[in-house]
Visitor: 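This structure is in structure tokens; I'll ask about it shortly.
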Amino acid sequence: MSGTQFGKGCHLHLIDGSAFIFRAYHALPPLTRKSDGLPIGAVAGFCNMLQRYVEGNTGPDAPTHVAVIFDHSGKSFRNDLYDQYKANRPPAPEDLVPQFPLTREATRAFNIACKETEGFEADDIIATLACQARDAGGRVTIISSDKDLMQLVGDGVEMLDAMKNKRIDSDGVREKFGVGPDRVVDVQALAGDSVDNVPGAPGIGIKTAALLINEFGSLEELLDRAEEIKQPKRRQTLIEKREQIEMSKTLVQLDCEMALDFTLDELEVRDPDPEVLLGFLSEMEFRTLTKRLADQLGQEAPTIPETAAPAAQADLPEAPGFDVAEYTTVRDAETLQQWIDRIREHGYVAVDTETTGLDEMIADLVGICLCVTPGQACYVPLTHKAGNSGDLFGSDDLAEGQMPLEQALEMLKPVLEDDAILKIGQNMKYDAKIFVRNGIDVAPIDDTMLLSYALHGGLHGHGMDTLSERYLDHQPIPIKSLLGTGKSAITFDRVPIDEATPYAAEDADITLRLWQQFKPQLHQKQVTTVYETLERPLVPVLAQMERHGIKVDRDTLSRMSNAFSQKMAALESEIHELSGESFNVGSPAQLGEILFDKMSLPGGKRGKNGKYSTGADILEDLATEHELPARVLDWRQLSKLKSTYTDALQEHIHPETGRVHTSYLQTGANTGRMASSDPNLQNIPVRSEEGRRIREAFVADEGNVLLSLDYSQIELRILAHVAEIDALKQAFADGHDIHAMTASEIFDVPLDEMTSEIRRKAKAINFGVIYGISGFGLARNLRIPRGEAQGFIDRYFERFPGIRHYMDDTVNFAKEHGYVQTLFGRKIHTPEIAAKGPRASFAKRAAINAPIQGTAADVIRRAMVRMPEAIAHLPARMLLQVHDELIFEVPEGHVDETISVARKIMEGAADPAVHMDVKLVVDAGRGQNWAEAH
DNA sequence: GACATCACG
DNA sequence: GACGTACGTGATGTCC
């Protein structure tokens with residue numbers, strides 16, 4: 001056959017590669033390569049399907065030419081026609097993404113042509129090839145079950161559903177669409193397609209569409225003569241939505257005349273090269289398949305070492321030391337293109353951005369580093385300024401030898417947004433936010449900080465320096481050595497490029513090395529699900545919340561600040577008068593001396609630095625003795641509110657957005673909780689009346705409302721579930737007041753005789769249990785004798801013995817394994833549990849608390865991950881998270897629906913991963929400001 | 001930079 | 001039997 005021109009007698013097979021991939025992915029469990037944990041299930045299934053396909057190619061239907069056609073990642077020309085095209089399609093699963101390039105490799109290993117084209121979908125390539133083959137007089141079989149391809153059937157073109165082994169010809173198409181292949185697009189244009197988000201004509205499905213097309217002959221005829229339609233609603237739709245219908249047709253119409261950079265002749269069937277094919281299969285560690293194909297090809301099967309993972313790691317080629325690393329500066333497009341080519345070859349890249357500051361809402365991009373191989377990284381300087389770091393009046397001109405920013409971004413954008421290329425970073429949320437401000441939506445991503453958090457939570461911090469020293473035995477170049485410290489510190493754009501390159505490139509290099517080490521461990525440590533469902537997908541969600549921010553009214557804060565100042569001044573003179581001397585009220589040391597030495601008040605205890613303690617609890621006790629401590633308490637409250645909130649918050653209002661943009665630290669708390677900083681919006685006052693008014697400054701944008709949805713008693717509910725306390729479960733099921741119920745049980749008081757004082761005690765005990773109760777702690781909290789507190793606890797354990805078992809079991813588990821777990825499988829390490837003395841006591845209480853606090857944290861993370869999609873059809877925005885509460889902003893008209901949708905997501909957040917015996921309940925509030933909404 | 005204090009869940 | 005003690009955070013001001 002070789003050298004024959006495609007024509008009569010030839011038979012072209014066109015395989016829809018994406019359909020193969022997704023079918024393979026869903027048909028197989030999430031297999032990973034044994035030596036390094038690389039996800040490999042879809043590739044395995046894909047190879048099996050290719051093998052079966054090749055094997056079945058005998059007889060009259062055997063092809064002379066064949067190609068596997070893939071969708072090129074990214075957007076197609078249809079997105080230019082309609083930006084919503086395929087917009088509701090969920091992104092590819094994370095563990096599938098790294099497998100996309102491998103399926104291309106597999107195709108080539110089978111020596112089958114493998115084609116994809118940027119800006120076009122696989123369907124268009126298939127259409128163009130099918131038309132070319134048909135016009136040349138050949139026969140075509142499209143191996144796919146995608147109905148969008150049915151318009152191509154006829155004239156020697158057929159489809160084959162490989163799963164059902166069913167051929168589809170013109171009759172088959174007529175069965176499916178009610179019209180012949182030539183009118184399929186007309187029907188699709190009318191019926192639309194919810195999967196691809198093609199709008200079509202509302203209210204018209206395939207049946208009706210076929211009826212209309214058959215009646216009028218064509219879509220154009222139908223639209224021109226729409227007035228003749230009898231049904232008024234249908235007539236109106238067709239007239240009013242004409243433009244939308246015509247646009248839909250252009251979306252579903254496949255392009256048969258694409259300019260291809262290859263010809264049909266190049267698709268001729270070829271035998272695989274045994275060495276290449278078996279090499280690929282054994283590299284993937286497919287034992288069965290390698291052997292089967294080796295037998296078929298009459299070759300000796302290459303041996304695949306039966307290595308356990310840790311041994312395999314030792315087998316990996318030793319990464320070069322950091323001292324011999326090759327770090328280059330990229331100064332022109334040609335060199336950058338070489339790096340981009342390398343990235344595309346690998347299918348992943350470690351990325352790091354250098355910027356002018358730490359606030360990603362304000363900092364500007366200075367340069368980008370890339371790394372695909374340990375020890376080889378590049379730095380692309382973009383906006384470094386001329387003039388050296390020592391020059392105080394450094395020029396604002398750009399330094400020589402840098403690519404134009406726009407050009408570099410334009411070249412990198414397709415790579416950074418490519419679904420098939422994994423972008424690896426350390427704290428990628430930061431870099432992603434910088435990129436968004438430069439018009440690039442980085443995805444998909446992996447994050448070494450989050451990998452470490454999932455793997456090592458509780459063992460150590462997850463910053464780059466810690467990780468590098470710990471896992472790579474390498475101390476990174478300190479940023480201070482480039483920027484200096486304090487007042488004389490410079491910004492990164494003032495660092496000479498020659499100095500910047502080794503620092504920046506090293507960060508990307510470290511990130512890549514960490515990723516190579518951590519990623520396979522997810523599977524071994526059984527935290528893949530935690531990482532994939534609770535950590536990785538949260539990154540874009542948080543990034544969006546942070547970028548959106550919450551509106552804060554400066555005037556409200558400013559007025560309150562002035563009021564606080566006046567009150568403080570009055571209190572201060574009163575305090576000075578009472579003490580008989582002028583001193584700094586804000587100095588605990590000076591206050592302590594006044595109270596306990598000069599005035600000889602009782603209860604003077606010295607802390608570890610030899611100073612008297614003057615904490616609020618001590619001053620409260622002293623308040624019965626003297627007026628002064630009470631005044632100091634008042635002053636302190638105002639001082640706190642003013643400095644931390646009314647004043648500091650104003651500094652955080654973004655000059656352009658007028659909103660406050662906090663930053664969430666996903667790895668902030670060992671338990672799985674997040675932390676908020678710059679500013680911390682998770683500790684805005686609420687407990688005191690005076691403080692709560694601060695929340696009035698957090699307002700909804702014009703025409704909008706703030707919503708607050710919070711989990712009711714989530715930690716106690718989780719405790720009831722994990723400790724299996726039937727009485728508690730029942731109380732939650734019946735909707736009873738849980739603290740009153742507890743009080744009734746342990747103090748033997750009937751519910752109708754309950755007093756607020758008894759209930760308060762029970763509430764303290766309930767919280768105490770969650771925190772790993774001790775007689776001393778409860779006694780201090782309730783200000784009762786220690787013996788009495790211990791009595792309460794004893795009675796509590798008597799009534800709810802399950803609690804004691806839970807505590808003992810949890811501590812024992814921690815001692816045995818070195819960690820405890822949440823219901824979702826998050827591991828929180830407790831290295832101190834083996835310590836002696838008070839440290840062990842701390843660790844025990846932390847171990848008791850962690851699964852409860854951590855499970856609650858996991859629950860709300862699940863809700864947050866699912867929220868954007870759930871509210872996508874609403875003009876609602878999720879703004880803040882405060883541990884068990886989510887804050888939304890939504891136009892007035894959509895309040896009720898938003899509450900109902902968000903509540904459903906939150907209450908169902910544990911499902912289906914975890915079944916809870918106790919239902920989760922969410923309370924909702926609304927208002928013009930946060931005080932009203934809460 | 002350590003410490004004390006206090007804001008939140 | 002003594003140890004110290006509720007769990008998890010971040011921001012601020014003082015003082016060295």
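In the text below, chain A, chain B and the rest are named by the order of the sequence lines, each starting its count at 1.
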Visitor: Side chain of A:Arg845, heavy atoms from C-beta onward: which of C:dT9, C:dC7, C:dG4 has the nearest atom to it?
Guide: C:dC7

Visitor: For the aromatic rings, using the six-membered ring if either is Trp, is the centroid distance between A:Tyr453 and A:Tyr531 under 6.0 Å?
Guide: no

Visitor: For atom P, what is the distance between C:dG4 and B:dA4, given to the nearest Å?
Guide: 15 Å

Visitor: Contact class for A:Glu715 (heavy atom, under 4.0 Å): base, sugar-phosphate, or nothing?
Guide: nothing

Visitor: The side chain of A:Tyr645 lies closest to which of these nucleotides: B:dG9, B:dA7, C:dA6?
Guide: B:dA7

Visitor: Can you tell me how far P in B:dC8 sits from the matching atom in C:dC3, rounded to whole Å?
Guide: 35 Å

Visitor: Of all the choices, C:dT12, C:dG8, C:dC15, which nucleotide is nearest to the side chain of A:Arg673 once you look at every atom?
Guide: C:dG8

Visitor: Indicate, yes or no, whether a donor-acceptor pair under 3.5 Å links the base of B:dG9 to the side chain of A:Arg687.
Guide: yes

Visitor: Of the listed nucleotides (C:dG8, B:dC6, C:dC15), which one gets closest to any side-chain atom of A:Ala616?
Guide: B:dC6

Visitor: Can you tabulate the close N/O pairs, meaning under 3.5 Å, that link protein atoms to atoms of nucleotides 1-3 of chain B?
Guide:
none

Visitor: Between C:dT5, B:dG9, C:dT9, which nucleotide has the shortest distance from any of its atoms to the side chain of A:Ala675?
Guide: C:dT9

Visitor: So what does A:Ser639 touch, heavy atoms closer than 4.0 Å: a base, only the sugar-phosphate, or nothing?
Guide: nothing

Visitor: Counting only distance, no hydrogens or angles, is the base of C:dT5 paired donor-acceptor with the side chain of A:Arg839 under 3.5 Å?
Guide: no

Visitor: Using a heavy-atom cut-off of 4.0 Å across all strands, would you classify A:Ala764 as base, sugar-phosphate, or nothing?
Guide: base

Visitor: Kindly point out which of C:dT5, C:dT9, B:dA7 is positioned nearest to the side chain of A:Asn670?
Guide: C:dT9

Visitor: For A:Leu591 and C:dG13, what is the distance between atoms CG and P respectively, to the nearest whole Å?
Guide: 17 Å

Visitor: Just checking, any donor-acceptor pair under 3.5 angstrom between side chains of A:Ser688 and A:Gln637?
Guide: yes

Visitor: Using a cut-off of 4.0 Å on non-hydrogen atoms, how would the nucleic acid contact of A:Ile684 be classed: base, sugar-phosphate, or nothing?
Guide: sugar-phosphate

Visitor: I'd like to know whether A:Arg795 forms a salt bridge (charged side-chain N to carboxylate O under 4.0 Å, His left out) with A:Glu798, so could you lay out the CA-CA distance, the side-chain angles of the two residues, the decisive distance to 0.1 Å, and finally the verdict.
Guide: CA-CA 5 Å; A:Arg795 249 178 302 175; A:Glu798 259 173 55; over 6 Å; no

Visitor: Check every strand shown and say whether A:Glu885 touches a base, only sugar-phosphate, or nothing at a heavy-atom separation below 4.0 Å.
Guide: nothing

Visitor: Taking the side chain of A:Ser841 as its heavy atoms from C-beta onward, which of C:dT9, C:dA11, C:dG4 lies nearest to it?
Guide: C:dG4

Visitor: Any side-chain donor paired with an acceptor under 3.5 Å for A:Asn766 and A:Tyr796?
Guide: yes

Visitor: Hey, does A:Asn683 reach any base, or is it just sugar-phosphate, or nothing, if we go heavy atoms under 4.0 Å?
Guide: base

Visitor: Within the structure shown, what part of the strands sits under 4.0 Å from A:Arg692 by heavy-atom distance: base, sugar-phosphate, or nothing?
Guide: nothing

Visitor: Quick one: do the A:Gln426 and A:His462 side chains pair a donor with an acceptor below 3.5 Å?
Guide: no

Visitor: Can you tell me which nucleotide in C:dT14, C:dT9, B:dC8 comes closest to the side chain of A:Asn584?
Guide: C:dT14

Visitor: Go through the side-chain N and O atoms of A:Arg693 and A:Thr646 and say whether any donor and acceptor fall under 3.5 Å apart.
Guide: no

Visitor: Remember a base hit wins even if backbone is also touched, and classify A:Ala648 as base, sugar-phosphate or nothing at under 4.0 Å, heavy atoms.
Guide: sugar-phosphate

Visitor: Does A:Ser774 reach a base, just sugar-phosphate, or nothing at all? Heavy atoms under 4.0 Å.
Guide: base

Visitor: Is A:Gly768 touching bases, backbone alone, or none of the nucleic acid, heavy atoms closer than 4.0 Å?
Guide: base

Visitor: Select one nucleotide: of C:dG8, B:dT5, B:dG9, the one nearest the side-chain heavy atoms of A:Lys640.
Guide: B:dT5

Visitor: Give one of base, sugar-phosphate or nothing for A:Phe842, where a contact means two heavy atoms less than 4.0 Å apart.
Guide: sugar-phosphate

Visitor: Side chains of A:Glu535 and A:Gln666: is there a donor and an acceptor less than 3.5 Å apart?
Guide: yes

Visitor: Can you name the closest pair of heavy atoms from A:Ser579 and A:Ile594 and give their distance?
Guide: CB-CG2, 3.7 Å

Visitor: May I ask you to say what A:Asn781 touches in the nucleic acid, namely base, sugar-phosphate or nothing, with a heavy-atom cut-off under 4.0 Å?
Guide: base

Visitor: Hey, are the side chains of A:Arg695 and A:Pro685 touching, using non-hydrogen atoms and a 4.5 Å cut-off?
Guide: no

Visitor: Could you tell me if A:Arg845 sits above the aromatic ring of A:Phe842, with its cationic atom closer than 6.0 Å to the ring centre and no more than 45 degrees from the axis?
Guide: yes

Visitor: The test is salt bridge (charged side-chain N to carboxylate O under 4.0 Å, His left out); show your working for A:Glu715 and A:Arg673 and say whether it passes.
Guide: CA-CA 13 Å; A:Glu715 294 194 353; A:Arg673 270 198 185 175; 3.4 Å; yes

Visitor: For DNA chain C, what is the dot-bracket line, given that a base pair needs Watson-Crick (N1 to N3, plus N6-O4 or O6-N4) or G-U wobble (N1-O2 and O6-N3) geometry with both distances under 3.5 Å, and | means paired with another strand?
Guide: ......|||||||||.

